[in-house]
Amino acid sequence: MNSKAIITSALPYANGEIHLGHVASTYLPADITTRFLRQKGVEVYYICASDDFGTPILIQSEKEGKTPEDYVEHWNKRDLEDFEAFNIKFDFFYKTSSPENKQFVQDVFKKLEEGGHIYENEIIQLYCNTDKKFLPDRYVIGICPYCNADDQYSDLCEKCGRVPDEIKDPRCSICGQTPVKEKTKHYFFKLKNFSNKLAEYLDSNNNLQKDVKKYVQNWIKEGLTDWDITRDISWGIPIPIDSEKEKVFYGWFDNHLAYISSTIKFLNDNGKDGKNFWNESDIYHFIGKDIVYHHYLFLPAMRLGINEEYKLPDYIPTRGHLTLQSKKISKSRNWYIGLKEFLEIFPADYLRFYLVSINPYSQDDLNFDWDEFATKINSELIGNLGNLVNRALGFTVKSFDAVVPNPEDFDNMDRESEKMINELTSDLSALMEGNHLDRALKKILQFSAHFNQYFQHKEPWKNGPGTNSCVFLSVNAVRSLAIAIYPFMPESSQKIWSQLGLDGDVSTQGFAEISNIALKQNHKLGSVSPLFEKVEESIIEEQKSKLGDHN
RNA sequence: AGCGGGGUGGGGAAGUCAGGUCAUCCCGUCGGGCUCAUAACCCGAAAAUCAGUAGUUCAAAUCUACUCCCCGCUACCA
């Protein structure tokens, strides 16, 4: 394992709030991985930024009568607040509209141009004579050529989900007039040039998921198309060519470069050589499956195009989309749960626990189900893990005056339990390093279940022989759990830590401490109380009834 | 259409890449126990020809071929 790592997650588009789907696939897995690597002693930084540019933001800000600057500033702040409430802890949350990113993007463009990877081409684009501007993407609405739904964007039909090649009956989304076709000069990135090198990169990187790799390799085999990287709008990073004042870069040209520019700024501000650090680190980009194309092809191609001045990704953990009650999340149909709204009802750790437990390391979609959420929280988190913590510590308080007893000679069952503690570190490490967060969490529950059984068999409340050993090992198992669940549920982890009577921040404990039997006789526990409150069915029913139309 | 992923006891999932140690986990049902613990927890039982067919093999949920059925992606989006 590399001693340095940079972790990023897909940049939230600054035009709406963070919802459950966002955090499930990218921000939460990335946050957990960051916390885990830090426990392993890796110098790791989790960097993110808001994605500020593009047509949808420009249009929306115009509608709301705001400048795009103010508009994205608002969402940048709000998103960060929501992330923090969910204990997604970035080391730095910046923005693609930062001066550093502007500079960086323009530099990269120039280098690509010098390298012969950029060319100009005239394309035909719709132009509105009333508004005197070109109309890319969402500036044009019309009839979807596939399903004939009216009032759809030219770059996306929300009815059927497809991307029209050419929309029927095009209209300007600002004034409703029919636009005309005009020629305009655009810049293209020669993605084709990189087919071989991309194939090599994908082949040689064994950390990438096999299924995603296959999928991308097929695209390469079918032949890549060069990529239009400019737009005729005012909101974006200007093209660094004097005669092109009216053009900006397409959002997907500039946004992922903010991974690098934000990291460099953060590290340089903290007295490190950002570029060196980047190149010495393992680079992780956590994404959802919808942006595989950009991260497995555009992003590496652009880094290859500037001679790998910044190293290519080592890991691109890609996860599926979240459905809600088995249906696609949709804001317009009110089939949607905002992160903020959720956290007003349930603790962050409940959501973190549930989302991880249903989220495999694959592109498979996962489903948020309210009933399943309640069951998993009540029976697995509370009935199994919470119960063990509470019964082991509570019993020690009641029967041993909160003091850890001196163990007697271990019998077979004690030794087996001791072994479980000894092996938990390596069992979990293997799973977490392989990004199998769901399996690691299951392993933790298995561990906890074992100690529930052990406690039951030993019947320490009867105060027979072996009671001291049982209490001794159980309390130490709780300590192991506290450290092990830290990446997943940092708040609960810290609570257990305090209940154990341990000082300081549990996050400073190294991962190997999980297997250390560190609480010796005479250690005094803190004050003990149940960690979790059960999820009430009535609240679940209330939440379910909020979804969907209420006309 | 192409590509990708699936079909495992009543429900939801794991296991499939490296075939045997495997039929596992959670919920539910039934019976028992315990009383330290948030009506928790522990033990046990019923219930699956692991979609179907054919094959490879000493051995297949796992590999191969074909068939049926689901879902996702195809360059906007986590």
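Order of the sequence lines fixes the chain letters, A, B, ..., with proteins taken first and strands second; residue numbering starts at 1 for each chain.
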A.B. asks: In whole Å, what is the span from the OH atom of Tyr350(A) to the P atom of rU38(B)?
C.D. replies: 14 Å

A.B. asks: Between Glu372(A), Lys376(A), Glu380(A), which is the residue that forms a side chain to side chain donor-acceptor pair (under 3.5 Å) with Tyr354(A)?
C.D. replies: Glu372(A)

A.B. asks: Counting only Watson-Crick pairs (N1-N3 plus N6-O4 or O6-N4) and G-U wobbles (N1-O2, O6-N3), all under 3.5 Å, who is the partner of rA51(B)?
C.D. replies: rU67(B)

A.B. asks: Distance check needed: rU74(B) P versus Asp290(A) CG, whole Å only.
C.D. replies: 8 Å

A.B. asks: Within this structure, what is the CG-to-P distance between Asn378(A) and rA39(B), rounded to whole angstrom?
C.D. replies: 11 Å

A.B. asks: Would you kindly give the OH-to-P distance between Tyr296(A) and rC3(B), to the nearest whole Å?
C.D. replies: 21 Å

A.B. asks: Ignoring the backbone of Thr375(A), work out which of rU38(B), rU35(B), rC27(B) is nearest its side chain.
C.D. replies: rC27(B)

A.B. asks: Any carboxylate oxygen within less than 4.0 angstrom of a Lys/Arg side-chain nitrogen, looking at Lys95(A) and Asp79(A)?
C.D. replies: no

A.B. asks: Is there a donor and acceptor pair, one atom on the side chain of Thr26(A) and one on the base of rA78(B), closer than 3.5 Å?
C.D. replies: no

A.B. asks: If you assign each of Phe532(A) and Glu372(A) to its closest nucleotide in RNA chain B, which residue comes earlier from the 5' end?
C.D. replies: Glu372(A)

A.B. asks: When all nucleic acid strands are considered with a 4.0 Å heavy-atom cut-off, which category describes Gly21(A): base, sugar-phosphate, or nothing?
C.D. replies: base

A.B. asks: For Arg319(A) and Lys442(A), find the nucleotide of RNA chain B closest to each by heavy atoms; which residue's nucleotide sits nearer the 5' end?
C.D. replies: Lys442(A)

A.B. asks: Would you mind reporting whether Phe86(A) and Asp31(A) have side-chain heavy atoms less than 4.5 Å apart?
C.D. replies: no

A.B. asks: Within less than 4.0 Å of OP1 or OP2 of rU35(B), is there a side-chain N or O belonging to Arg391(A)?
C.D. replies: no

A.B. asks: Considering only side-chain heavy atoms of Ile291(A), which listed nucleotide, rA78(B), rC36(B), rC34(B), is closest?
C.D. replies: rA78(B)

A.B. asks: Would you please classify the geometry between the Phe83(A) ring and the Tyr27(A) ring as parallel, tilted or perpendicular, with 30° and 60° separating the classes?
C.D. replies: tilted

A.B. asks: Quick check for you: among rC42(B), rA78(B), rU35(B), whose closest atom lies nearest to any side-chain atom of Asn452(A)?
C.D. replies: rC42(B)

A.B. asks: Over all strands shown, is Leu322(A) touching base, sugar-phosphate only, or nothing at heavy-atom distances under 4.0 angstrom?
C.D. replies: base

A.B. asks: Check the distance between rC76(B)'s C1' and Trp227(A)'s CH2 and give it to me in whole angstrom.
C.D. replies: 13 Å

A.B. asks: For rG2(B), which nucleotide is its Watson-Crick or G-U wobble mate, given both distances must be under 3.5 Å?
C.D. replies: rC73(B)

A.B. asks: Check this for me: does any side-chain nitrogen of one of Glu541(A) and Lys544(A) sit under 4.0 Å from a carboxylate oxygen of the other?
C.D. replies: yes

A.B. asks: Rounding to an integer number of Å, can you tell me how far Lys462(A) NZ sits from rC34(B) P?
C.D. replies: 7 Å

A.B. asks: Over 60° means perpendicular and under 30° means parallel, so classify the ring planes of Tyr350(A) and Phe373(A), tilted if in between.
C.D. replies: tilted

A.B. asks: Among rU38(B), rC34(B), rC42(B), which nucleotide has an atom closest to any side-chain atom of Trp461(A)?
C.D. replies: rC34(B)

A.B. asks: Please pick, from rC41(B), rA78(B), rG72(B), the nucleotide with the shortest atom-to-atom distance to any side-chain atom of Ala10(A).
C.D. replies: rA78(B)

A.B. asks: Just how far, in rounded Å, is P of rC42(B) from CZ of Phe451(A)?
C.D. replies: 14 Å

A.B. asks: Between Lys398(A) (NZ) and rU38(B) (C1'), how many Å, whole number?
C.D. replies: 12 Å

A.B. asks: Scan every strand shown for a Watson-Crick or G-U wobble partner of rA45(B), both distances under 3.5 Å, and answer none if you come up empty.
C.D. replies: rU29(B)

